[in-house]
Amino acid sequence: MLLFAVAISSCGKKLAELYNDPDQTVQPSIEKFFTEILNNNRVRPSYWNVRTFIAMHTGIYTQSLGYLNYTTAYQQNAGYTQDRWNDFYRPSNSIDGGDGGIMAHYRLIESLYESMQDAGQKANAAVFYMAAKIVMYDQASQIVDMWGDIPFSEAGYVNTTGSVSPPGFDNAASIYDAMLDGLKNAALYFSSAQVSPATQNLFNKQDILLNGQFDKWQRYANAIRLRLLMRISFVNEAKAKTEVLNMINNPSLYPLVDGAMNYAPSQTDILLQPLTNYIDDLHNALTEVFNYMAPDYMLNTVMNPSNDPRIPVLFDKYGRTDGDRFIRNIGYQAMPANDNAENQQVNLGRYAILDSATFLFNTKLPGIVITAAEVNFLKAEAWERWGGGDARAAYETAIRQSIAFYYYLNSLNTVTRMPLPPPAEADIASFLQSMPIEYTGTTNEKLSKIWIQKWLHFGFLQSVQGWAEYRRTKQPVLQFYPSTLPGYETPPSRLVYPASETSYNTNYASVRNKDVRTGKIFWDVK
């Protein structure tokens with residue numbers, strides 16, 4: 001705890017030095033802290049996030065990546081999940097100003113905002129405070145979805161109070177309630193906020209996510225709130241139904257990231273672009289542990305039977321070398337997931353892999369916050385379960401947007417090969433009418449199609465969301481090769497707490513009985 005306090009203290013001092021407002025030299029700058037809260041490599045598909053967290057945890061638990069069936073495949077890596085936990089609560093690198101640290105930066109913004117005495121200054125600063133609140137809630141919900149009860153209401157105050165007091169663990173359901181209320185208020189704020197021209201210009205400059213667009217901040221808040229409401233819809237259906245239908249049936253009051261008018265991924269979706277000096281890609285992150293294999297269920301069971309038009313930008317046929325000849329595989333076939341690791345490794349070249357242009361060597365991949373396709377899948381589910389709208393139209397719109405989105409990601413890479421042209425409208429229409437995809441059947445069959453297509457859309461880049469939805473909906477029905485490691489035969493249903501909490505947080509005793517890998521998050525009741 002002493003080392004932690006020293007690290008946080010030194011980080012706070014460094015941030016204060018780096019982000020000092022020249023017009024108010026005695027006070028750190030709230031707008032620079034805001035930029036830091038946005039500059040998050042747990043949102044962007046950075047090497048470290050993909051290699052140590054997605055490729056070893058959520059990508060496996062959702063089968064959105066191929067992987068070798070090692071005995072430790074389903075065992076949580078304590079060091080890497082500790083890193084993921086740390087990157088939410090505190091900046092990870094105090095030397096150069098930090099990376100991540102959503103909660104720590106948010107508390108600094110909150111403290112600066114609340115300490116302002118001048119009413120005009122405070123009114124202008126509110127835009128940074130409310131936008132930071134949306135981002136913090138978005139990121140906090142992901143920590144809840146992976147761990148359950150977490151330190152929340154008492155967390156992140158070391159820099160602002162100067163005292164070290166182990167934070168208590170808030171109940172996960174109560175955190176959701178607070179986030180839902182907070183997101184509603186934030187969206188309402190951005191629906192009518194007015195700031196000075198100077199503040200607007202400053203917000204435009206510091207907002208590296210949405211370029212200062214109030215409308216998009218309102219949509220962002222509403223979309224995350226919709227996501228969270230649907231996530232609790234099996235444990236508190238009455239609340240979810242009332243609030244969701246009110247939102248999606250009143251678009252003028254609750255605009256969403258849904259691409260209702262002229263969908264274009266770069267303009268509609270909430271995406272965190274890579275920094276201009278970023279030159280890395282994901283090929284090392286995905287090849288070092290053989291996670292570049294095409295996932296079996298996704299390609300063989302879901303996509304191939306319907307001749308899915310996303311296949312050419314999601315996967316590469318690949319091949320093997322025979323002497324000095326490269327023998328390209330004939331079709332897109334994923335390696336079966338029900339084999340041991342030794343056989344899998346020997347046969348790698350005989351099966352499809354992730355597309356090199358879209359994923360492996362694409363330096364332009366953005367961080368995905370939320371997309372119109374996800375929002376329309378959520379709307380389709382709500383209307384199918386509760387009525388009040390056209391579920392089929394929302395479902396088909398979501399799939400069309402997913403196709404456009406992945407062709408957009410492919411188009412960002414003009415170095416590896418020329419981007420593939422999007423499929424023709426006739427081909428998309430035929431795909432939507434194919435037997436596995438067409439919106440027909442019983443309510444349960446239709447819901448299953450919605451959930452499977454949303455899981456497919458999330459892929460490995462949004463596997464944290466995919467894991468949450470997989471546990472909530474129990475779709476798709478995935479089969480996992482059983483591990484022989486006792487206690488780790490199958491994937492977990494939650495992550496266990498990191499050593500920083502079990503060893504040093506005296507409040508851990510309140511959640512010790514819940515801290516098992518087979519425990520369930522409160523919304524996991526289906």
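Only this structure's heavy atoms are used, side chains among them; waters, hydrogens and symmetry mates stay out.
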Worksheet item: Between Phe522 and Tyr176, does a ring pair (Phe, Tyr, Trp, His ring centres under 6.0 Å) hold up when you go through it step by step?
Response: CA-CA 10 Å; Phe522 78 99; Tyr176 255 67; 5.1 Å; yes
Item to complete: Take Tyr488 and Gln76, measure what side-chain contact (heavy atoms from CB on, under 4.5 Å) needs, and give me the verdict at the end.
Response: CA-CA 9 Å; Tyr488 301 95; Gln76 178 180 327; 5.9 Å; no
Worksheet item: Who passes side chain to side chain contact (heavy atoms under 4.5 Å, CB included) against Ala468, sequence neighbours left out?
Response: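 Partners of Ala468 under the side chain to side chain contact (heavy atoms under 4.5 Å, CB included) test: Asp145, Arg231, Arg471, Trp523.
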If we ignore hydrogens and angles and just use 3.5 Å, is the side chain of [X] paired with the main-chain N or O of [Y] as donor and acceptor?
| X | Y | result |
| --- | --- | --- |
| Asp138 | Ile134 | no |
| His57 | Val464 | no |
| Tyr406 | His457 | yes |
| Arg219 | Leu256 | yes |
| Asp269 | Thr371 | no |
| Ser448 | Glu445 | no |
| Trp451 | Pro476 | no |

Fill in: Shortest non-hydrogen separation from Leu478 to Gln63 and the atoms involved
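So the minimum-distance heavy-atom pair works out to CD2-OE1, 3.8 Å.
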Worksheet item: Closest approach of Arg90 and Ala104, non-hydrogen atoms and distance?
Response: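 Reported closest heavy-atom pair: CA-CB, 4.1 Å.
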Worksheet entry | Arg84 and Met146: CA distance, side-chain angles, deciding distance, side-chain contact (heavy atoms from CB on, under 4.5 Å) verdict | CA-CA 11 Å; Arg84 180 66 180 87; Met146 291 187 285; 4.1 Å; yes
Below 6.0 angstrom between ring centroids: does that apply to [X] and [Y]?
| X | Y | value |
| --- | --- | --- |
| Tyr61 | Tyr470 | no |
| Phe214 | Phe190 | yes |
| Phe458 | Trp467 | no |
| Tyr481 | Tyr67 | no |
| Tyr220 | Trp217 | yes |

Worksheet entry | Heavy atoms of other groups near Asn250 CG, more than 12 under 6.0 Å |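 Atom CG in Asn250 is packed in, count exceeds 12.
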Worksheet item: Would you call Lys133-Glu110 a salt bridge at under 4.0 Å N-O?
Response: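 Salt bridge flag = no for Glu110 with Lys133.
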Item to complete: List the steps, then state whether salt bridge (Lys or Arg N to Asp or Glu O under 4.0 Å) holds for Lys379 with Asp390.
Response: CA-CA 9 Å; Lys379 290 165 67 174; Asp390 192 339; over 6 Å; no
Item to complete: With rounding to the nearest 0.5 Å, note down the distance linking CG in Leu378 to CE in Met230.
Response: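 Going from CG on Leu378 over to CE on Met230, the span is 6.0 Å.
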Worksheet item: With a 3.5 Å cut-off and no angle check, do the side chains of Asn338 and Gln479 form a donor-acceptor pair?
Response: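 On atom types as modelled, these side chains do not qualify, holding no pair under 3.5 Å.
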